[in-house]
Protein chains: 2
Amino acid sequence: MARDAAVKTAPPASAISDATLREFTGYNMKRAFMVIQADVTRTLEPFGLRMVTYSALAIVGDNPGLSQTQLAAALAIERPNLVVIVDELEGRDLVNRDRVPTDRRTYALRLTTEGARLLARATEAVRGHEARMIKGIGKADEATLIACLNQIEASDTGRS
Amino acid sequence: MARDAAVKTAPPASAISDATLREFTGYNMKRAFMVIQADVTRTLEPFGLRMVTYSALAIVGDNPGLSQTQLAAALAIERPNLVVIVDELEGRDLVNRDRVPTDRRTYALRLTTEGARLLARATEAVRGHEARMIKGIGKADEATLIACLNQIEASDTGRS
DNA sequence: TCAAATAGATATGAGATATAATTATTGTTA
DNA sequence: TAACAATAATTATATCTCATATCTATTTGA
């Protein structure tokens, strides 16, 4: 239904040129990322996960005992916004907020057994998503793609 | 100030691993795109433009006389959200909403002289941004990068 | 011991995005 | 040709994301 609407609302859509924007890496990347985002969202939906909640589980899994501040930094989101995310994951018994005896201000975040199981299953699904996305791209080109993306990421000056 | 805060709020930030997520193209792409987005936002700010308003100018420049529905489709945004964008550009005398004699429901969007001038200047600035982003990436790798991004974009099934 | 800094949480606001519904106009067809 | 369906733009609105300011509890450091 949504698909029909999208098609109908763009009668001669293919006739529209985006030549000027195609010159730029950022535009091509945004269009590619939109496809990836849509597919990964569909991929995670059966697990009741969004990109950000899946990412949070993955980071906690890789770094058991980290604090919410550290997790927020790793996810590049603000700490207030992370609180509700951890609330959600804790409410579903996917992560625990363990108290730290040496510093009672902070929590040590850890996956529960169920959280680890869900992360493993979701990661398998995301691997399937990954395979769909890079289908038709050779190993060498894929390596070049990742290297270019990492190079661009590293070019960050970080100035505000 | 914001930079200091960001640094300060992540004391042992470098110690946090994102190994699981690094496996995925989408994660690497998101991190790279965040850098691009931040830089292009800074680049366009002196022109009073955001990514979406610059993109709108570029598409109108490439397709003079197109309708708002076509522009919305090209920008992949919903038509109601485009209205305020065109309002803004029209209010700044960068684009005109010309009436179409054969169909009085629709507008033919065109750049004003000033809109064309601003687009040209902004495009030069964005070319500078592009150069910053891909600095250190060779011509061949850059071509591979774009080809991979376009391949991923083309893998879109479009199902909702 | 007292001031500053930190972790988490709460409240809140701004911005982006999506949907439903309205108006004006055009196309279709009974 | 009259009535109905479809389309373009718009308005209103809800939701989601993202950022900032502020608060409490706790720790650190002068």
Side-chain angles (χ1 to χ4, degrees), chain A residues 1-13 30 33-34 37-38 41 45 50-53 55-56 65-91 95-109 160, chain B residues 1-13 30 33-34 37-38 41 45 49-56 65-91 95-109 160:
Chain A
M1 189 178 299
R3 178 175 53 177
D4 290 351
V7 170
K8 267 196 289 189
T9 53
K30 172 153 192 180
F33 186 70
M34 286 173 58
Q37 191 167 37
T41 297
E45 198 251 290
R50 293 163 290 146
M51 259 184 48
V52 65
T53 48
S55 299
L66 86 171
S67 70
Q68 293 191 182
T69 294
Q70 288 174 315
L71 178 56
L75 295 172
I77 68 178
E78 298 301 318
R79 278 162 302 168
N81 297 326
L82 180 69
V83 172
V84 296
I85 291 167
V86 176
D87 282 350
E88 177 185 333
L89 295 174
E90 187 188 36
V95 306
N96 283 333
R97 285 198 247 227
D98 294 342
R99 274 294 177 193
V100 175
T102 61
D103 189 341
R104 301 197 315 176
R105 291 172 301 180
T106 187
Y107 292 120
L109 301 176
S160 66
Chain B
M1 191 178 297
R3 177 176 55 176
D4 290 351
V7 170
K8 267 196 288 190
T9 53
K30 172 153 191 181
F33 186 71
M34 285 172 59
Q37 190 167 37
T41 297
E45 198 252 290
L49 294 173
R50 292 162 291 148
M51 259 182 50
V52 66
T53 49
Y54 171 74
S55 299
L66 86 170
S67 70
Q68 294 191 180
T69 294
Q70 289 174 314
L71 179 55
L75 295 173
I77 67 179
E78 298 300 318
R79 278 163 302 167
N81 298 326
L82 180 69
V83 172
V84 297
I85 291 168
V86 177
D87 283 350
E88 178 185 332
L89 295 174
E90 188 187 35
V95 307
N96 283 333
R97 283 197 248 228
D98 294 341
R99 275 293 177 195
V100 175
T102 61
D103 188 342
R104 300 198 315 176
R105 292 170 300 179
T106 187
Y107 292 119
L109 301 176
S160 65

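Convention: sequence-line order gives letters A, B, ...; per-chain numbering from 1. Remember, predicted model here, so these are calculated numbers, not experimental data.
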>> Would you compute the distance between atom OG1 of B:Thr106 and atom CG of B:Leu66 and round it to the nearest 0.5 angstrom?
In response: 9.0 Å
>> Under the rule for side chain to side chain donor-acceptor pair (under 3.5 Å), what residues qualify as partners of B:Glu90, not counting sequence neighbours?
In response: B:Arg97
>> Let's see if you can work this out: which of C:dT25, C:dT19, D:dA9 has an atom nearest to the side-chain heavy atoms of B:Glu78?
In response: C:dT19
> What pair of heavy atoms forms the shortest contact from B:Gln37 to B:Met51, and how long is it?
Replying inline: CG-SD, 4.0 Å
> Of all heavy-atom pairs between B:Ser55 and B:Leu75, which one has the smallest distance, and what is that distance?
Replying inline: CB-CD2, 3.6 Å
>> Would the distance check show the side chain of A:Asn96 and the main-chain N or O of A:Asp98 forming a donor-acceptor pair, the cut-off being under 3.5 Å?
In response: no
Separation of [N] [atom2] from [X] [atom1] (nearest whole Å):
X	N	atom1	atom2	answer
A:Arg99	C:dA7	CZ	P	13 Å
A:Leu82	D:dA19	CG	C1'	14 Å
A:Ile77	C:dA9	CD1	P	13 Å
B:Arg105	D:dA9	CZ	C1'	10 Å
A:Met34	C:dA16	CE	P	15 Å
B:Gln70	D:dA9	CD	C1'	14 Å
A:Leu71	C:dA9	CG	C1'	15 Å
B:Asp98	D:dA8	CG	P	18 Å

> When you check the phosphate oxygens OP1 and OP2 of D:dT17, does a side-chain N or O of A:Arg50 lie under 4.0 Å from one of them?
Replying inline: yes
>> OP1 or OP2 of C:dT25 versus the side-chain N and O atoms of B:Thr106: is any pair under 4.0 Å?
In response: no
>> On DNA chain D, compare the nucleotides closest to A:Ala76 and A:Val100; which residue's is nearer the 5' end?
In response: A:Ala76
> Got B:Arg79 and B:Gln68 here, is their nearest side-chain heavy-atom distance under 4.5 Å?
Replying inline: no
> Is the closest side-chain heavy-atom distance between B:Glu88 and B:Ile85 below 4.5 Å?
Replying inline: no
Strictly under 3.5 Å: I want the nitrogen or oxygen pairs between protein and nucleotides 10-12 of chain D, one per line.
| from | atom 1 | to | atom 2 | distance (Å) |
| --- | --- | --- | --- | --- |
| D:dT10 | OP1 | B:Arg97 | NH1 | 3.1 |
| D:dT10 | OP2 | B:Gln68 | OE1 | 3.1 |
| D:dT10 | OP2 | B:Gln68 | NE2 | 2.6 |
| D:dT10 | OP2 | B:Arg97 | NH1 | 2.9 |

> Is any side-chain N or O of A:Arg104 under 3.5 Å from a base N or O of D:dT26, one able to act as donor and the other as acceptor?
Replying inline: no
